[in-house]
Amino acid sequence: MNWNKWIRQIHRWLSIAFTVTVVATFVALAQEEPVVWVSYVPLLPLALLLSTGLYLFVLPYAARWRGGRVNTRGN
C-alpha cells in the first residue's frame with residue numbers, strides 16, 4: 001500500500017470516528033444535566049479530517065505542478 005492509499009484509509013476511518021463522536025455528543029447534551037465539555041470531543045477527529053482532506057484535495061494539483069501523470073480513477 002502506498003502513502004496516498006494510507007491517507008485515504010485513515011481519512012475514511014476518521015470520518016467514521018467523527019460521526020460517532022457527533023452522535024455521542026448529541027446524546028450527551030440531550031441529558032437533563034448535560035456535560036458541556038463533551039461538545040468539544042468531535043473537534044479532534046474534525047481537525048484530523050481537515051488535514052487529511054486537504055492533503056487529498058491537493059494531490060491532483062500537486063501531480064500537475066510536478067509534471068507527473070494524474071490518475072483520475074483513484075487506483
Side-chain angles (χ1 to χ4, degrees):
M1 224 180 194
N2 65 13
W3 184 249
N4 296 336
K5 288 185 181 183
W6 277 104
I7 296 293
R8 281 185 202 285
Q9 193 66 30
I10 290 169
H11 187 77
R12 288 181 186 130
W13 281 104
L14 281 172
S15 67
I16 294 170
F18 175 70
T19 304
V20 168
T21 58
V22 168
V23 169
T25 300
F26 275 106
V27 170
L29 293 178
Q31 302 300 318
E32 289 182 19
E33 291 186 29
V35 182
V36 179
W37 65 266
V38 174
S39 62
Y40 297 113
V41 172
L43 292 179
L44 178 64
L46 183 61
L48 295 171
L49 268 174
L50 175 68
S51 61
T52 56
L54 286 174
Y55 174 80
L56 292 172
F57 178 77
V58 171
L59 272 178
Y61 300 106
R64 286 189 205 136
W65 293 332
R66 287 179 293 187
R69 200 181 107 208
V70 179
N71 186 0
T72 58
R73 291 185 178 204
N75 294 338

Item to check | Where Asn4 and Leu56 come nearest, the two heavy atoms and their spacing | outcome: O-CD2, 4.5 Å

Checklist entry - Of all heavy-atom pairs between Ser15 and Leu49, which one has the smallest distance, and what is that distance? => result N-CD2, 3.8 Å

Next on the checklist: Taking Leu14 as the starting point, is it possible to reach Ile16 by hopping between hydrophobic residues whose side chains are less than 4.5 Å apart?
Outcome noted: no

Checklist entry - Got Leu50 and Leu54 here, is their nearest side-chain heavy-atom distance under 4.5 Å? => result yes

Checklist entry - Quick one: do Phe26 and Leu46 end up in the same hydrophobic cluster if we chain Ile, Leu, Val, Met, Phe, Trp and Tyr together by side-chain heavy atoms under 4.5 Å apart? => result yes

Next on the checklist: Let me check something: do Leu48 and Val22 share a hydrophobic cluster, defined by ILVMFWY side-chain heavy atoms less than 4.5 Å apart, either directly or through other members?
Outcome noted: yes

Checklist entry - Can you tell me how far OG1 of Thr52 sits from CZ of Phe57, rounded to the nearest 0.5 angstrom? => result 14.0 Å

Return a table of donor-acceptor pairs under 3.5 angstrom between the side chains of residues 30-37 and protein atoms on other chains or two or more places apart.
from: Gln31; atom 1: NE2; to: Val27; atom 2: O; distance (Å): 3.1

Checklist entry - Of the options Thr25, Thr19, Val20, Val23, which is the one that meets Pro42 in a side chain to side chain contact (heavy atoms under 4.5 Å, CB included)? => result Thr25

